[in-house]
Amino acid sequence: MKFVLAAIIVQQMEEVGAAFSSSSFGLKSRTPFSLSSQINEESTIATATAVSGDDFIQASIGRAMKDHEFQFHYGSQIFGESSSSPSSSLIDADFISYNVGVGNGGPTELAIRNGHLIFETADAILSVEECEYLIQSARQTIAREKENDKGKDEVTNSDLGELRLSNLPAEALEKVKTLLKDQLYPILENRFGGENTSFGDLAVYDGLVLGTIAPSVSQPVHRDASLLTLNIPLSAPEAFVGGGTYVEGLKDGHNGFPLRMGQGKALCHSSGVLHAGTSIQQGERWVMVMFVVARDEPQIARRTHAEGLDAMHAQALDMARAAFTAGLQYAPKDHLLHMGVGQVASMMRDGPVMMDCLATASRYYPSSHKAAMTLGNIMLGNSRPRAALRHFERVLSDIDDKDLLDGSWMPLKSTAWEARSLAARSALICAEYEYSKGWHTYQTTGKQKERNWSKENLPIAIERLRTALIPAPDNEPMGEMLHRCEELLKDAYECNNLVSNATE
């Protein structure tokens, strides 16, 4: 039985690891519950350090520094760099702001001011004509690149309908450089620079013009491989249906819908904020995205995380663990780094470390539900339904029924549906246990025992099952669970009435 449970744990961790393995987007360099409160993340770091060795860790940090130096030099040569003089003419009223919560801006949130905030310009910074010019320049260049890329084995940018900014025609590239110098760099320095930050000059190291034709699929939630991200819709909103930028964990009563901006407006945020481009159902949508780095902020944690993923995929597990550990020295509360250490542990069949990492990741970043869902599934497989229920309820509490709103993001709907179903299943198992225990007491003593747990929790389970059955009315196993929950709840009320009458 222990071997079966170990296999379940390993499988669940590998599934979560796969989900996070593509969690950093951008352009690569051209070269809870009480369990989590018992976890000391420093022990994870110490364990990994002891096994991997300081040499591996220092080598990973050294490679990250070189990668940063190359990126900044490359970007500044093509796109120019900022002047480190924020525009004093910009004020808060020039922006619409969104909040993901302090601590949720990624591993370099503290290196910038307002790292937990997202800013949208109140007015467009590009005219309709300028947007159309960039769309046509990108469209023509992609067509040429696609012709040149014929016969290549690998998937190219042109295959994906996207163009690297550095490959724009010379005239269009000059327009982008002017836009950066006159408007975008001043915006970034005004919103994210300040007296307590020292990231130095900024430079776009590259970017993309993305063209999407319906029907399309949404991106997975990810971080960008940069310090700051700029996103400018080039298409008019009426040119497509759907689309927008989904941002995970938006606070202040936000309904969880994707952010949709007008043509030519700019959205800027810490690249560590988890987000995703959403699908369009009709039309055609073009967006320009820029990835910005800073001279004096090498982003060791983000870069070593990327190196750890690469090493893990190559089965170089000691190197992967060293890379993740190096990152944790710079960002000890980054949930993706803890997930990385945990995935390496799962591949090494080290269940306790894997569980510790999952619990730590879930505690530090509850808006990402993968760790909590995996912990819940492991607890179910380990015959601990109450513990499983607590994890699923934590996910549902964070979602707060946003998935039930018309137009909410489909992956959020999927996660909530699964969490409701599994929470109800966990509650049903607990209620069955209470029922069997009460029946055993009655058989041995002749006395009924109150079933207060079932009376309190089964109505919630029933409501969750009814909600889950709305999009899947023909789901027979779920219908059977609902029927059994209703039976047990009725029986619990009858039992409690008998106990009450007997004591009067």
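The first residue in the sequence is number 1, and the count goes up from there.
- Remark: the backbone N or O of P411 is not paired with any side-chain donor or acceptor of S414 at under 3.5 angstrom.
- No donor-acceptor pair closer than 3.5 Å links the side chain of N114 to the backbone N or O of L117.
- Residues S226 and S271 come closest through the heavy atom pair OG-OG, 2.7 Å.
- Taking both residues in full, the closest heavy atoms of G242 and Q281 are given as CA-OE1, 3.4 Å, listed atom of the first, atom of the second, then distance.
- Atoms CG and OG, on D398 and S367 in that order, are 4.5 Å from each other to the nearest 0.5 Å.
- Listed by chain and residue number, nothing satisfies the ring pair (Phe, Tyr, Trp, His ring centres under 6.0 Å) test with H369 (two or more places apart in sequence, or in another chain).
- Distance check, rounded to the nearest 0.5 Å: CG of D403 to CE of M410 gives 10.5 Å.
- The residue from H269, R223, E248 that alone fulfils the side chain to side chain contact (heavy atoms under 4.5 Å, CB included) condition with H275 is H269.
- The salt bridge (charged side-chain N to carboxylate O under 4.0 Å, His left out) check on R484 picks up E432, E487, with sequence neighbours excluded.
- Contact of the L227 side chain with the V292 side chain is not registered, since no non-hydrogen atoms from C-beta on lie closer than 4.5 Å.
- D400 contributes no side-chain N or O that, together with a main-chain N or O of K402, makes up a donor-acceptor pair within less than 3.5 Å.
- Every residue meeting the ring pair (Phe, Tyr, Trp, His ring centres under 6.0 Å) condition with Y246, not counting sequence neighbours, appears here in chain and number order: W409.
- Applying the side-chain contact (heavy atoms from CB on, under 4.5 Å) test to E494 and every residue at least two apart in sequence or in another chain returns K490, D491.
- At a threshold of 4.5 Å between non-hydrogen side-chain atoms, the residues S426 and L380 count as touching.
- Side-chain atoms of H313 do not come within 3.5 Å of backbone N or O of A311 as any donor-acceptor pair.
- The side-chain contact (heavy atoms from CB on, under 4.5 Å) check on A492 picks up R451, S454, with sequence neighbours excluded.
- Of all heavy-atom pairs spanning L458 and C485, the tightest one is CD1-O, 3.8 Å.
- A search for ring pair (Phe, Tyr, Trp, His ring centres under 6.0 Å) contacts involving W453 returns nothing, not counting sequence neighbours.
- Under a cut-off of 6.0 angstrom, the local environment of NZ in K449 is sparse, with at most 12 non-hydrogen atoms contributed by other residues, nucleotides or ligands.
- Partners of R285 according to the side-chain contact (heavy atoms from CB on, under 4.5 Å) rule, which considers only residues two or more places apart in sequence or in another chain, are F240, I280, V287.
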### Task
Run the numbers on E120 and F95 for side chain to side chain contact (heavy atoms under 4.5 Å, CB included), then give the verdict.
CA-CA 5 Å; E120 174 188 345; F95 302 92; over 6 Å; no
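- Taking 4.5 Å as the limit, every side-chain heavy atom of I96 sits out of range of all side-chain heavy atoms of T121.
- Residues H391 and A372 approach most closely at CB-O, 3.5 Å, considering heavy atoms.
- In this structure, CG in L188 is found 4.5 Å from CG in L230, a value given to the nearest 0.5 Å.
- Listed here is the closest heavy atom pair of N231 and M261: O-CE, 3.7 Å.
- Under the 3.5 Å distance criterion, the side-chain polar atoms of N104 are matched with a main-chain donor or acceptor of V100.
- With respect to R302 and E297, no salt bridge is recorded, no charged nitrogen being found less than 4.0 Å from a carboxylate O.
- Counting all heavy atoms, side chain and backbone alike, F392 lies closest to N377 at CZ-N, 3.7 Å.
- In this structure, the side-chain contact (heavy atoms from CB on, under 4.5 Å) partners of T467, at least two apart in sequence or on a different chain, are L404, R420, E463.
- Side chains of N157 and E162: a donor-acceptor N/O pair is present below 3.5 angstrom, by distance only.
- Under the ring pair (Phe, Tyr, Trp, His ring centres under 6.0 Å) criterion, Y365 pairs with H335, not counting sequence neighbours.
- Geometrically, R191 engages F119 in a cation-pi contact defined by less than 6.0 Å to the ring centre and at most 45° from the axis.
- Inspection of the S218 and T278 side chains reveals no N or O donor paired with an N or O acceptor under 3.5 Å.
- I112 has its side chain within reach of S270: a pair of non-hydrogen atoms, C-beta onward, lies under 4.5 Å apart.
- We find the CG-CD1 distance between N382 and I378 to be 9.0 Å, quoted to the nearest 0.5 Å.
- Formation of a donor-acceptor pair under 3.5 Å by the T445 side chain with backbone atoms of T441 is found in this model.
- For the residue pair R303 and Q71, a side-chain donor N or O sits within less than 3.5 Å of a side-chain acceptor on the partner.
- Residues satisfying the salt bridge (charged side-chain N to carboxylate O under 4.0 Å, His left out) criterion with R425, sequence neighbours excluded, are absent altogether.
- Within the 4.5 Å cutoff, the side chain of K333 has no heavy atoms near those of the H338 side chain.
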### Query
Where do M290 and T229 land on the side chain to side chain contact (heavy atoms under 4.5 Å, CB included) test, with the steps shown first?
CA-CA 6 Å; M290 301 181 184; T229 298; over 6 Å; no
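- Under a 3.5 Å cut-off, the side chain of W417 and the backbone N or O of A468 do form a donor-acceptor pair.
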### Task
Go through L250 and N99 one step at a time and tell me if the side chain to side chain contact (heavy atoms under 4.5 Å, CB included) criterion holds.
CA-CA 6 Å; L250 283 178; N99 181 8; over 6 Å; no
### Query
How far apart are the C-alpha atoms of M65 and I300, what are their side-chain angles, what is the distance that settles it, and do they pass the side chain to side chain contact (heavy atoms under 4.5 Å, CB included) test?
CA-CA 7 Å; M65 292 291 292; I300 300 298; 3.5 Å; yes
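- Remark: E393 pairs with R464 by the salt bridge (charged side-chain N to carboxylate O under 4.0 Å, His left out) rule, at least two apart or across chains.
- Listed by chain and residue number, nothing satisfies the salt bridge (charged side-chain N to carboxylate O under 4.0 Å, His left out) test with E456 (two or more places apart in sequence, or in another chain).
- In this structure, CG in L309 is found 11.0 Å from CE in M339, a value given to the nearest 0.5 Å.
- Side chains of M379 and L389 form no contact here, defined as non-hydrogen atoms less than 4.5 Å apart.
- Contact check for V344 versus M348: side-chain heavy atoms found under the 4.5 Å cut-off.
- Using modelled atom types, no side-chain atom of S362 and backbone atom of A359 make a donor-acceptor pair closer than 3.5 Å.
- For the pair V247 and Y98, the minimum side-chain heavy-atom distance is 4.5 Å or more.
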### Message
Evaluate T304 against S60 for side-chain hydrogen bond (donor to acceptor under 3.5 Å, both in side chains), listing each step before the verdict.
### Response
CA-CA 6 Å; T304 54; S60 181; 5.2 Å; no
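- Here CE of M478 is found 6.5 Å from CG of L465. Values are rounded to the nearest 0.5 Å.
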